[in-house]
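The block underneath contains the structure these notes are about, expressed in structure tokens.
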Amino acid sequence: MPELPEVETVRRGLEARVVGRRIERVEVGRERTVRRTSRQAVIDGLTGTTVTAAARRGKYLVCALDSGDAVMIHLRMTGKLLLAPAGTPRPPHSHVVMTLDGEELRFVDPRTFGEIVVFDPDRADIEVPELARLGPDPVVDGLTSAVLRARLAGRSRPLKAWLLDQQRVAGLGNIYTDEVLHAARLRFDRPAGTLDARRIRAMRQAIDDVLAAAIAAGGSTLTDNQYVGLSGEPGRYQYQHRVYGRAGAPCPRCRKATIVRVPFAGRSTFFCPRCQR
DNA sequence: AAACAAACCTGTGCGC
DNA sequence: TGCGCACAGGTTTGTT
């Protein structure tokens, strides 16, 4: 579910409302959420610590603790972090609950693909190896045309597959790749290595513009309401989607063709067959 | 290197 | 109303 803009919205919520606070108590219901280590490792690693920073890389949240450890949280498809007054009813699938001075930070995740792991940053390469493998994050690291060009060179994969690969660029998922490719006027199935300098610049600009607008709008909340921010507030970027979920609608740029939905890489892809090449 | 399918789970929406 | 199927924002793993 959540891609870079949604995770960034959650990160900002954590920074504003959780950083600086002490985790008094930790409850782990479903052990699957903490499968990387164990229920006890996560309870022991979090209890009594104060959250000192909230960072993000791609779709990964990484919070620093005053113990020297860090906690990685990945929401995957249906994970949510919700901050609510202690004592209020917990939503179904509240697998991990952290109590902080009258409030509860709840990790809610119906499909249980998400996970939480407390790790030693000095051993990050072993304990969360995927973090080190992530490509540049367009917001955290910035992304230049030169970097894009170097990484795209010689690649035969379709552009969309390339953009979805977190080891190439970190943070884009199914919604935002489609939005970026439409903004850059590029077809999803064009081989990644065939972009000339002008198209590379267009794609870089599109990545920046789409992500900035989406973050400013608090991310995208689709009709199933799966994604909401820390306080349960929905995002608003779905109202600005130009192609995602809009099959059959006229293309908002050329207004002549109709947005098409095709299966690609096992999921839906939306694009304008007229203005994306 | 890259394409594809399957796996991990649960919920929802749709056609019949 | 009820049933069965398709599908869903992500990532890893195994197979061609």
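Here is the naming used below: chain letters follow the sequence lines, and residue numbers restart at 1 for every chain.
- Of the P atoms belonging to dA6(C) and dA6(B), the separation is 13 Å, rounded to the nearest Å.
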Measure all distances between protein nitrogen or oxygen atoms and nitrogen or oxygen atoms of nucleotides 5-7 of chain C, and list the pairs falling under 3.5 Å.
none

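- Shown here are the salt bridge (Lys or Arg N to Asp or Glu O under 4.0 Å) partners of Arg17(A), two or more places apart in sequence or in another chain: Glu103(A).
- Listed by chain and number, the residues in a side-chain contact (heavy atoms from CB on, under 4.5 Å) with Arg201(A) are Ser145(A), Ala197(A), Arg198(A) (sequence neighbours excluded).
- Pairs of residues two or more places apart, or lying in two chains, that qualify as salt bridge (Lys or Arg N to Asp or Glu O under 4.0 Å) and include a residue from residues 131-151 of chain A are Arg56(A)-Asp137(A), Arg57(A)-Asp141(A).
- With sequence neighbours excluded, no residue forms a side-chain contact (heavy atoms from CB on, under 4.5 Å) with Ala212(A).
- The phosphate of dG11(B) has OP1 or OP2 within less than 4.0 Å of a side-chain N or O from His93(A).
- Along DNA chain B, the nucleotide closest to Ser156(A) and the one closest to Thr223(A) are compared, and the more 5′ of them pairs with Ser156(A).
- Salt-bridge check for Glu31(A) with Arg35(A): failed, with every basic side-chain N at 4.0 Å or more from each acidic carboxylate O.
- Within 4.0 Å of Leu164(A), counting heavy atoms only, lies no atom of the nucleic acid at all.
- Closest to the side chain of Tyr244(A), from the set dG11(B), dG10(C), dA8(C), is dA8(C).
- Listed by first and then second residue, the salt bridge (Lys or Arg N to Asp or Glu O under 4.0 Å) pairs involving residues 232-260 of chain A amount to none (not counting sequence neighbours).
- Phosphate contact (OP1/OP2 of dT10(B), side-chain N/O of Arg30(A), threshold under 4.0 Å): present.
- Phe113(A) is linked by a ring pair (Phe, Tyr, Trp, His ring centres under 6.0 Å) to nothing, counting only residues two or more places apart in sequence or in another chain.
- Phosphate proximity of dT11(C) to Gln166(A): present, with a side-chain N or O under 4.0 Å from OP1 or OP2.
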N/O donor-acceptor pairs under 3.5 Å from side chains in residues 62-73 of chain A, not counting sequence neighbours:
unit_1, atom_1, unit_2, atom_2, d
Asp66(A), OD1, Thr50(A), N, 3.0
Ser67(A), OG, Asp69(A), N, 3.2

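- Grouping the Ile, Leu, Val, Met, Phe, Trp and Tyr side chains by contacts below 4.5 angstrom, directly or via other members, places Val180(A) apart from Val140(A).
- Using a 4.0 Å cut-off, no side-chain N or O of His74(A) falls inside it from OP1 or OP2 of dG10(C).
- Of the candidates dG10(C), dC9(B), dG11(B), dC9(B) carries the atom nearest the Thr112(A) side chain, counting heavy atoms from C-beta on.
- Qualifying side chain to side chain donor-acceptor pair (under 3.5 Å) partners for Thr49(A), counting only residues two or more places apart in sequence or in other chains: none.
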Between the protein and nucleotides 14-16 of chain C, which nitrogen or oxygen pairs come in under 3.5 angstrom?
none

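- Partners of Arg12(A) under the side chain to side chain donor-acceptor pair (under 3.5 Å) rule, at least two apart in sequence or in another chain, are Glu8(A).
- The aromatic ring of Phe113(A) does not sit over the base of dC9(B); the criterion of centres under 5.5 Å apart with planes under 30° is not met.
- For Arg155(A), whose side chain is taken as the heavy atoms from C-beta onward, the closest listed nucleotide among dA1(B), dG11(B), dG10(C) is dA1(B).
- The side chain of Pro158(A) has dA3(B) as its nearest neighbour among dA3(B), dT11(C), dG11(B).
- When the side chains of ILVMFWY residues are joined at heavy-atom separations under 4.5 Å, either directly or via intervening members, Ile43(A) and Phe119(A) end up in two distinct hydrophobic clusters.
- Distance check on atom P: dC3(C) versus dC9(B) gives 25 Å, rounded to whole Å.
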Review point. What pattern of brackets, bars and dots sums up DNA chain B from 5' to 3', given Watson-Crick or G-U wobble pairs under 3.5 Å, [ ] for crossing pairs and | for another strand?
Key: .|||||||.|||||||
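- Of the candidate nucleotides dA2(B), dT11(C), dT10(B), dA2(B) has the atom lying nearest to any side-chain atom of Arg157(A).
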